[in-house]
Amino acid sequence: ADTLMSLQGGAESFRLTSENYAKAVAAAVRCWSGEAPSHEVQCFANLRELSAASVHFDGGDPSRELFTPKRFYGQSMATPSGLALPNLLAKTMVQLFVVPASTDVTQPFFVECFGKRIKVILPPGSQCGNNLQLIINDGVLSGSVS
């Protein structure tokens with residue numbers, strides 16, 4: 001999150017972000033070389049604990065774009081091992097739809113987003129061709145029509 005905010009802040013923010021990454025790489029090198037003080041290194045009993053404590057992200061495709069970390073969009077799912085990954089998905093996700101011309105805007109209809117089938121009831125005055133924006137923020141769904 002800090003990196004995303006810094007990249008939007010211009011050259012000075014980009015410099016600060018670069019310095020933070022350089023510090024992280026230096027800390028990793030100290031750890032791997034055995035020179036890091038023990039209080040700088042957090043150890044985990046197994047991969048499950050490490051994964052649960054990690055902040056998961058997608059850094060983008062380096063062949064086409066600069067490194068831009070962002071949380072995954074998607075749906076929560078049960079894993080066979082019961083492994084929980086609380087930091088895997090973005091807390092806030094946005095989906096934009098255009099209300100199709102064939103839609104009766106006075107009747108509820110369903111859309112598929114955020115890995116769920118959601119029943120939509122449009123407010124009075126909505127029309128076909130309007131933009132419908134659905135937002136899920138930490139499990140709370142909201143929407144707007146424009």
Side-chain angles (χ1 to χ4, degrees), residues 1-100 102-103 105 107-123 126 128-146:
D2 293 339
T3 301
L4 289 175
M5 293 175 84
S6 293
L7 290 174
Q8 296 169 357
E12 178 62 16
S13 294
F14 187 75
R15 182 188 64 76
L16 292 172
T17 300
S18 299
E19 287 177 3
N20 284 333
Y21 278 107
K23 289 176 186 176
V25 170
V29 169
R30 281 195 312 277
C31 177
W32 295 328
S33 67
E35 295 179 15
S38 60
H39 70 275
E40 286 186 14
V41 179
Q42 186 175 359
C43 296
F44 297 92
N46 54 47
L47 186 58
R48 179 179 298 227
E49 288 181 15
L50 170 64
S51 186
S54 298
V55 176
H56 305 272
F57 65 90
D58 174 18
D61 180 355
S63 69
R64 298 178 318 172
E65 58 193 4
L66 292 174
F67 178 71
T68 308
K70 53 189 168 274
R71 293 281 179 100
F72 291 100
Y73 274 25
Q75 62 183 349
S76 298
M77 59 186 176
T79 59
S81 64
L83 176 63
L85 300 173
N87 298 317
L88 179 62
L89 300 175
K91 297 281 185 212
T92 302
M93 294 183 267
V94 178
Q95 185 68 53
L96 184 65
F97 300 92
V98 174
V99 178
S102 60
T103 304
V105 296
Q107 297 297 313
F109 62 95
F110 290 92
V111 296
E112 299 279 338
C113 66
F114 315 125
K116 301 180 182 334
R117 187 168 192 241
I118 299 173
K119 183 179 183 179
V120 174
I121 301 172
L122 294 172
S126 299
C128 295
N130 282 154
N131 291 319
L132 169 63
Q133 182 179 31
L134 296 177
I135 303 166
I136 192 163
N137 186 7
D138 207 13
V140 177
L141 181 68
S142 63
S144 65
V145 178
S146 59

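As the structure is a computational prediction, the values presented were derived from the model and not from experiment.
- Using a 4.5 Å heavy-atom threshold, the side chains of Ile135 and Leu141 count as separate.
- Contact between Lys119 and Phe110 at its shortest, heavy atoms only, is CB-CE2, 3.5 Å.
- Annotation: side chain of Val111 is in contact with side chain of Leu134 (closest heavy-atom distance under 4.5 Å).
- Nearest approach of Pro100 to Cys128, heavy atoms of both residues: O-SG, 3.3 Å.
- In this structure, the side chain to side chain contact (heavy atoms under 4.5 Å, CB included) partners of Glu112, at least two apart in sequence or on a different chain, are Arg117.
- Interatomic distance, Gln42 CD to Cys31 SG, rounded to the nearest 0.5 Å: 11.5 Å.
- Rounding to the nearest 0.5 Å places CD1 of Ile121 at 10.0 Å from CZ of Phe109.
- Without hydrogens or angle criteria, Ser33 side chain to Val29 main chain gives a donor-acceptor distance under 3.5 Å.
- Judged by distance alone, with hydrogens and angles left aside, the side-chain atoms of Asn137 form no donor-acceptor pair with the main-chain N or O of Val140 at under 3.5 Å.
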Practice problem: Go through the steps for Ser126 and Val99 under the test side chain to side chain contact (heavy atoms under 4.5 Å, CB included), then give the verdict. | Solution: CA-CA 9 Å; Ser126 299; Val99 178; over 6 Å; no
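- Taking Glu35 as the reference, nothing meets the salt bridge (Lys or Arg N to Asp or Glu O under 4.0 Å) condition, with sequence neighbours excluded.
- Leu132 CG to Gln95 CD: the interatomic distance, rounded to the nearest 0.5 Å, is 9.5 Å.
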Exercise. Let me see the working for Val120 and Phe97 under side chain to side chain contact (heavy atoms under 4.5 Å, CB included), right down to the final yes or no.
Key: CA-CA 11 Å; Val120 174; Phe97 300 92; over 6 Å; no
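- Evaluation of the side chain to side chain contact (heavy atoms under 4.5 Å, CB included) rule for Val98 yields Asn131 as partners, not counting sequence neighbours.
- Taking the side chain as every heavy atom from C-beta outward, Ser146 and Asn130 never approach each other to under 4.5 Å.
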